[in-house]
**Q** 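I'd like to ask some things about the structure below.
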Amino acid sequence: AQSVAQPEDQVNVAEGNPLTVKCTYSVSGNPYLFWYVQYPNRGLQFLLKYITGDNLVKGSYGFEAEFNKSQTSFHLKKPSALVSDSALYFCAVRDGGSYQLTFGKGTKLSVIP
Amino acid sequence: DTGVSQNPRHKITKRGQNVTFRCDPISEHNRLYWYRQTLGQGPEFLTYFQNEAQLEKSRLLSDRFSAERPKGSFSTLEIQRTEQGDSAMYLCASSRDSTTQPQHFGDGTRLSIL
């Protein structure tokens with residue numbers, strides 16, 4: 001079975017400050033990891049993925065994520081937060097043998113002007 | 001690419017009625033997925049198709065739920081004899097035929113059961 005934990009329901013950060021949204025995962029095989037963002041009454045928008053290779057992956061809108069195999073973590077980061085980054089962020093995992101994504105419960109990011 | 005399209009965006013119905021939702025995937029994507037999202041939760045996997053073949057089904061997909069993808073293009077999700085607990089956002093996603101490719105989501109159909 002695969003699972004994802006997002007330990008923070010909400011993260012508040014001041015505009016211009018760096019942000020981190022945390023994610024830890026559990027999967028039986030090699031993990032395929034994804035971050036998505038969701039705005040109100042909209043679907044999920046893909047930000048970035050880790051499949052293999054460099055532990056630091058870069059994605060859309062200046063977001064990046066760091067894969068840490070020993071800590072089974074895949075934290076989302078951005079050097080300088082924008083008010084427009086305020087949204088709901090979901091981490092998701094699947095193992096290489098399945099197309100089924102398992103999502104965390106989401107973290108609400110609020111960027112304060 | 002025009003994105004994943006879902007219709008209707010909102011559906012309000014009385015308990016016990018049948019409802020059907022439609023999903024049009026991105027045209028070159030041969031894999032299609034259905035998820036359900038309730039308030040305060042992440043999406044939960046329901047089922048997925050490779051072309052017209054339904055290859056995985058979650059235990060969440062009770063006998064009242066049926067999904068089809070005739071001809072491997074659009075898909076429909078039908079819920080029979082709706083119950084209060086069926087109230088949720090139903091999300092459709094599609095992807096290319098590769099395990100490394102991300103799933104791209106539509107804006108969902110929000111179902112409200114009166």
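Letters go in sequence order (proteins before strands), and every chain restarts at 1.
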**Q** When rounded to the nearest 0.5 angstrom, what distance separates CE in B:Met89 from CG in A:Leu44?
**A**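 That separation rounds to 9.5 Å.
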**Q** Within the supplied structure, the quantity of interest is the number of heavy atoms (other residues, nucleotides, ligands) at a distance under 6.0 Å from A:Lys105 NZ; does it exceed 12?
**A**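 Check fails, neighbour count at 12 or below.
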**Q** Anything in residues 34-63 of chain B with a heavy-atom distance to chain A below 4.5 Å? Please list those residues in order.
**A**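 Residues B:Tyr35, B:Gln37, B:Gly40, B:Gln41, B:Gly42, B:Pro43, B:Phe45, B:Tyr48, B:Glu56 are the ones that qualify, each having a heavy atom under 4.5 Å from chain A.
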**Q** Do other residues, nucleotides or ligands put more than 12 heavy atoms under 6.0 Å from A:Asn30 CG?
**A**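 12 or below, so no.
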**Q** Among residues 64-86 of chain B, which residues come closer than 4.5 Å to chain A, judged by heavy atom distances?
**A**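 Listed by number, there are no contacting residues, so the answer is none.
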**Q** Linking I/L/V/M/F/W/Y whenever any side-chain heavy atoms sit under 4.5 Å apart, do A:Val83 and A:Ile112 land together?
**A**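 In one cluster: no.
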**Q** Does any backbone or side-chain atom of A:Ile51 lie under 4.5 Å from a heavy atom of chain B? Answer side chain, backbone, both or neither.
**A**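 For A:Ile51, side-chain heavy atoms alone lie under 4.5 Å from chain B.
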**Q** Is there a path of hydrophobic side-chain contacts, each under 4.5 Å between heavy atoms of I/L/V/M/F/W/Y residues, joining A:Leu56 to A:Tyr25?
**A**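 Cluster IDs for A:Tyr25 and A:Leu56 differ.
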**Q** Any chance you could measure A:Gln100, atom CD, to B:Tyr33, atom OH, to the nearest 0.5 Å?
**A**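 Interatomic distance, A:Gln100 CD to B:Tyr33 OH, rounded to 0.5 Å: 11.0 Å.
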**Q** Checking heavy atoms, do the side chain of A:Gln38, its backbone, both or neither come under 4.5 Å from chain B?
**A**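 Only the side chain of A:Gln38 comes within 4.5 Å of chain B.
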**Q** Using the rule that Ile, Leu, Val, Met, Phe, Trp and Tyr join whenever any side-chain heavy atoms are under 4.5 Å apart, tell me whether A:Val93 and A:Phe90 fall into a single cluster.
**A**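 Each belongs to a different hydrophobic cluster.
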**Q** Which heavy atom of B:Ser98 sits nearest a heavy atom of A:Arg94, and at what distance?
**A**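 Shortest heavy-atom separation between B:Ser98 and A:Arg94 comes out as O-NH2, 4.1 Å.
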**Q** Measuring heavy-atom distances to chain B, does A:Tyr39 have an atom under 4.5 Å in its side chain, in its backbone, in both, or in neither?
**A**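 When you check distances to chain B, no heavy atom of A:Tyr39 falls under 4.5 Å.
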**Q** Determine which pairs satisfy salt bridge (Lys or Arg N to Asp or Glu O under 4.0 Å) with at least one residue from residues 13-34 of chain A, sequence neighbours left out, and list them in order.
**A**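 Listed once each, the pairs would be none.
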**Q** More than 12 foreign heavy atoms under 6.0 Å from CD1 of B:Ile12: is that the case here?
**A**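 Incorrect, the count does not exceed 12.
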**Q** Do A:Val4 and A:Val27 belong together in a cluster built from hydrophobic side chains that touch within less than 4.5 Å?
**A**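 Yes, because A:Val4 and A:Val27 connect within a single hydrophobic cluster, where side-chain heavy atoms sit under 4.5 Å apart.
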**Q** Just checking heavy atoms, which of residues 107-114 of chain B are less than 4.5 Å from chain A?
**A**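 Heavy-atom contacts from residues 107-114 of chain B to chain A are B:Asp107, B:Arg110.
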**Q** Kindly work out whether a path of hydrophobic side-chain contacts (I/L/V/M/F/W/Y, heavy atoms less than 4.5 Å apart) joins A:Val21 to A:Tyr50.
**A**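 A:Val21 clusters together with A:Tyr50.
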**Q** Hey, is the main chain of B:Gln103 close enough, under 3.5 Å, to the side chain of A:Tyr99 for a donor-acceptor pair?
**A**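 The answer is no, because no donor-acceptor pair under 3.5 Å joins these two groups.
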**Q** Heavy-atom cut-off 4.5 Å, strictly under: side chain, backbone, both or neither for A:Asn41 against chain B?
**A**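 It is both, since atoms from each part get that close.
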